[in-house]
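Residue numbering restarts at 1 for every chain, and letters A, B, ... go by the order of the sequence lines.
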Amino acid sequence: MSDMLLSNLQTARWPKIKAPRAAGFVMLAGLAICVMIGPDLVGQDPAKQSLLSPQERPSAEHLLGTDHLGRDMAARLLSGAQLSLSLALLSVLTAGIPGTAIGVLSAWYGGWVDRGLGAFADAVLALPGLLLVLMLAAIAPGSWWALYAGISLTLWVEYYRYSRQRARIVLSSPAVEASRLLGLPVRLILLRHLVPEIGPGLMTVAAFGAATAVTAVAALGFVSVGVRPPTAEWGVMMTELLPYWREAPFLILQPVACLVITVLALHLCVGGLHKR
Amino acid sequence: MTQTNPFIAALAQRGLQAVVVALIVGIVSFAMMQALPGDAAYRIAAGRYGYDMMDAASAELVRQELGLDRPFWAQLLQWLGALATFDLGQSAVYGTPVIDEIATQLGYSLLLAAGAVVVSVLIAVPMGIAAGLRPGGLVDRVSLGISILLRAIPAFALGVVLVLIFAVQLKLFPVAGFRGPQHLILPSLTLGLGLAAVSNRVVRDAVVEAMDAEWRLFARTKGLSARLTLVRHVLRNASLPVVTYVGVQMAYLIEGVVIVETVFAWPGIGHALVHAIFGRDIAMVQGTALALGLIYVALNLVIDLACRAIDPRTRAT
Amino acid sequence: MSIVTVSELQVFAGDERLMGPVSFALGAGETLVIMGETGAGKSLIAQAILGVLPNALRMEGEICVNGRRVDTLTPAERAAMWGHEIATLPQEPWLALDPLMQAWRQVAETHVHVAGLSRPQAQHQTAKDLVALGLNGTEDRLPGQLSGGMAQRVAFAAATAGRAPILLADEPTKGLDSDRRDRVTRLLAQVPKDGGTLLAITHEASVARALGGKIMVLRKGVLVEDGETSSVLTKPQHSYTRDLLAADPVEWEKSEAPPRGDPLLIAEDLTLGRGGKILIDGLNLTVHRGERIACLGPSGVGKSTLLDTLAGLVAPMRGTLCKADGLGSHAVQKLYQDPPAAFPAHVRLGRSLQDVATVHRTPWDQVEANMVALKLSPALLERRPDAVSGGELQRLSIVRALSANPMVLLADEPTSRLDPITQKETMALLGQLTEQLGIAVVLVTHDRGIARAWAQRVLELGPQPEPSHSG
């Protein structure tokens, strides 16, 4: 899969901040602040129904209006953001740290360790990622944990492949050979050679991985095999609100906008276009 | 070193991938079966004889017959053994053989996939070439902006937006289902736009690289006209990364088929898979997931062969 | 009548003059060699004649080809001359050939589409061309399967198949070892003998000498000297020309042999190989304290593998390598062909040097002293490897290696990517400093001149095992 991705990432360096990238960081920071302090500001219970006031337009009481069951949209969107972003962050960490570590170990030791891990990674990638997440999620329907495990399982491969491929190149370079001959300890070889070489690329993998996770959660919610209603989740909200598009088009567009902004922010802050 | 025919090697590699796909699908389906609440024997007996006719004795018969009292690994082996003989079982919901269901759905899914690829090629190739011939120009920058934006919209969200605009607001195309060619337009557009969002940039990069290549200038300075250089050298060299990239996109295509079919209630395999997961119809889940996985492998094999046809280096020994 | 006339040619980037003014006139059967270091603006002359100057550059002056003024023509009109009136030999033949097309097809297509031959005629002519260039057997190969020398000859056949009377050759011998270089040079020298006009750009005096004709010496874009090649090369007037010629290793003064010390490394009956293929069979070599040994041979003969074995990086297939007692585990150090690739790319040079000094408890004063001895400014330490010239970086890598207090320095083509003048300076400084410190150097090179002038012993490695002679 990743030859193209890898060649794309090989040119990645510590970023020079440019306008689109800065916009990405600003959007991401905004999202993070909203998720952290937003619920207090809105002050509404995302689950509280009010069948007397369904599909209300935005007002002082309900900043973004209410849905078909009279629940506060702002509170539900924020609650959905918490769910998606925390899951994305967690799966990036649980996939990224071991994925990178065993990628580097694989490159460092080579031999059967490398071949075994490579075969495992190939096996995970034998199916398109979302298909695997879909099936794993189906073992325990509606479970947050199944979703999280499935996403992490598909995401680690990219860290593994990227860090292994880059580390192989770096570790076999004349520069590392020279450092070893010069007697530099392993710690310095990793710090001076490997970290600067694979750091920026890993950031890119992480940002796109987070975007993939957010998209996967919403996609599965949307096709009713992920998180279950009444949990407030963007994909689930889109399914729920789709029938009411005619009376209240502003409602269905809200979760769509949240999703697009999040993915866009993640893409922009590492340079825009992920070729996969 | 032993020389292996690279063609055979490519076939063997994809063959192995197909086996791995079948194993993963089989094991996960088995796990799904085990994870279902309640006694499996009772459930199967109820499925066979109906709730009214079923009792502890018939459940016990089922248990004996299917070996449900045997150890876990023996059941798994039996499950995978059935899969190996292409015995996909019967749908719990429809009561029909899974293989028949898939046979009817397959055509629809392939139609959608083909439609999406056609849409993406029609958009990506001209746009990519236009952008690549003048890198940094207006077309290049605009297409980059649109690509980033489109890439950020997940397929199902794009589908919803397109439905709202074209089907509901403008009433140009039908919303969902499949009753005629006009139903194909919106789903293929949804999926095709997602594919084109990235592939137009790949075309653009390939064109830029080919135009900057020293061999292109040398072909010109040895006396070939611009047109001959394009036909004899640039097109083939530029198409190689593009075709390779289409292979990378196959994962996106299969994922997209699952999601987009569901959005548009398209009667294909992906829709059936989601439906089966929702309805706990495990035989159907296994069958459809297997079919999608094998299509994925087959498409990748086609790409491998296309790359070999374009690139003589892979044929040289 | 003159075929190519260039008058008062200058090339500008904005207001800055990169090259010129130069004027010359060349007739049929004549040769002009343009000589100078990299960055001297030599290539701009060929690009201006051909009409492929980068868009950001602007030219002034007049260029006439076959009596027609060409610098005022449209790009399309100029392109129409390519292959028919002017042929060009590429600098990097590997990159200039279509990687997906067989060698013979790239020649034959010129015969068909430029010279207007029929397909059978073109095939026949292509086969003849390739045989004449000693390329029989390589017809069906792809460029990736050709050696640099072969690729240059295929490019030559493809470029000249259109029978253009003028040939521009920009650094045609770049990256070739001396045998292959001589072969390409002979090919070029044949062009004027057949009535053509040759304009060759090179930084190698030996190539200029073999081509003869007229010469122009450029320094930073400015013409410093011109005349008949033979007289300029034998009696240079300008000091820069003299430096350039003196930098040719053939002209180097033979260094004096320092007294040979105790043995440090003893290799007995070494058999080396890569990928199961035997490269060097049954080699015996003893490296003594303070001596200089050169390993000479064409590319692919196993020189680098020998160095890696001496450094302990690869194990020999057979034989033994003994280290003298008291030789620490870091007493053998290595210098690399491509200095930027030998340093961590994202780390300040000062930090790279400090790391080594710290690990080996080398006082920083000593590092600084070595830098002074190698004429390196302390300001370089603040920079990263990509912001330092190749010559400076190679000297910095000498400083770095010395900070590990080595007894043996293995140098793998340390100056092959450097300009001749820089190369001479670097090798001289390396010689001085290692002699002072009593460090043995094993130098790998493909340049016989360097090997003979710089080392006391030359170890010849060839595809067929030759008796190694010591001096």
Side-chain angles (χ1 to χ4, degrees), chain A residues 3-4 6-17 21 100 104 107-111 114-115 162-163 165-206 270-271, chain C residues 304 307-314 328-362 367 384-386 393-394 396-414 417:
Chain A
D3 287 355
M4 208 69 190
L6 293 172
S7 68
N8 188 22
L9 290 173
Q10 269 156 28
T11 50
R13 289 283 175 264
W14 287 117
K16 293 186 184 79
I17 300 287
R21 189 166 258 161
T100 307
V104 172
W108 188 283
Y109 288 106
D114 189 27
R115 279 197 295 277
Y162 174 73
S163 54
Q165 199 243 16
R166 286 305 294 165
R168 271 167 74 107
I169 295 173
V170 172
L171 293 177
S172 64
S173 70
V176 169
E177 187 191 291
S179 287
R180 282 184 174 160
L181 266 181
L182 287 162
L184 296 194
V186 173
R187 181 183 59 84
L188 278 185
I189 288 179
L190 293 182
L191 206 61
R192 302 280 190 257
H193 295 274
L194 205 59
V195 172
E197 277 293 337
I198 70 174
L202 283 176
M203 287 298 131
T204 308
V205 175
V270 288
Chain C
S304 299
L307 277 201
D308 286 352
T309 310
L310 293 179
L313 294 166
V314 290
S329 54
H330 305 297
V332 180
Q333 289 299 328
K334 201 173 153 189
L335 299 179
Y336 293 81
Q337 183 172 16
D338 186 18
F343 280 89
H346 305 280
V347 177
R348 274 190 313 109
L349 290 162
R351 173 158 301 280
S352 287
L353 290 184
Q354 255 161 10
D355 283 346
V356 178
T358 311
V359 167
H360 294 279
R361 300 202 177 82
T362 305
V367 176
R384 297 191 181 192
D386 59 357
L393 203 52
Q394 194 58 282
L396 277 163
S397 69
I398 297 172
V399 173
R400 183 177 66 165
L402 294 180
S403 306
N405 307 314
M407 296 305 293
V408 181
L409 209 49
L410 308 171
D412 190 357
E413 305 259 15
R417 306 259 168 112

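At a threshold of 4.5 Å between non-hydrogen side-chain atoms, the residues A:R192 and C:D355 count as touching. You'll find the side chain of A:V195 stays beyond 4.5 Å of the side chain of C:H346, heavy atoms only. Under the 4.5 Å side-chain criterion, counting only non-hydrogen atoms from C-beta, A:P185 is in contact with C:V359. Using a 4.5 Å heavy-atom threshold, the side chains of C:Q333 and A:L182 count as touching.
C:Y336 contributes a side-chain N or O that, together with a main-chain N or O of A:A178, makes up a donor-acceptor pair within less than 3.5 Å.
Only the side chain of C:D308 has a heavy atom closer than 4.5 Å to any heavy atom of chain A.
Interface check for chain C: of the options A:V170, A:I189, A:V176, A:L188, the most heavy-atom pairs under 4.5 Å are formed by A:L188. Interface summary for chain A: among C:A345, C:A341, C:S329, the most heavy-atom pairs under 4.5 angstrom belong to C:A341. With respect to chain A, the highest number of heavy-atom pairs below 4.5 Å among C:A311, C:A342, C:A404 belongs to C:A342. Interface remark: of the candidates C:S397, C:S352, C:P344, C:A401, C:P344 forms the most heavy-atom pairs closer than 4.5 Å to chain A.
Remark: C:R348 CZ is packed, more than 12 non-hydrogen atoms of other residues, nucleotides or ligands lying under 6.0 Å away.
Rounding to the nearest 0.5 angstrom, the gap separating the CG atom in C:L313 from the CZ atom in A:R180 is 9.5 Å.
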For this session: With side-chain contact (heavy atoms from CB on, under 4.5 Å) as the test, would you mind laying out the steps for A:L181 and C:H330 before giving the verdict?
Result: CA-CA 6 Å; A:L181 266 181; C:H330 305 297; over 6 Å; no
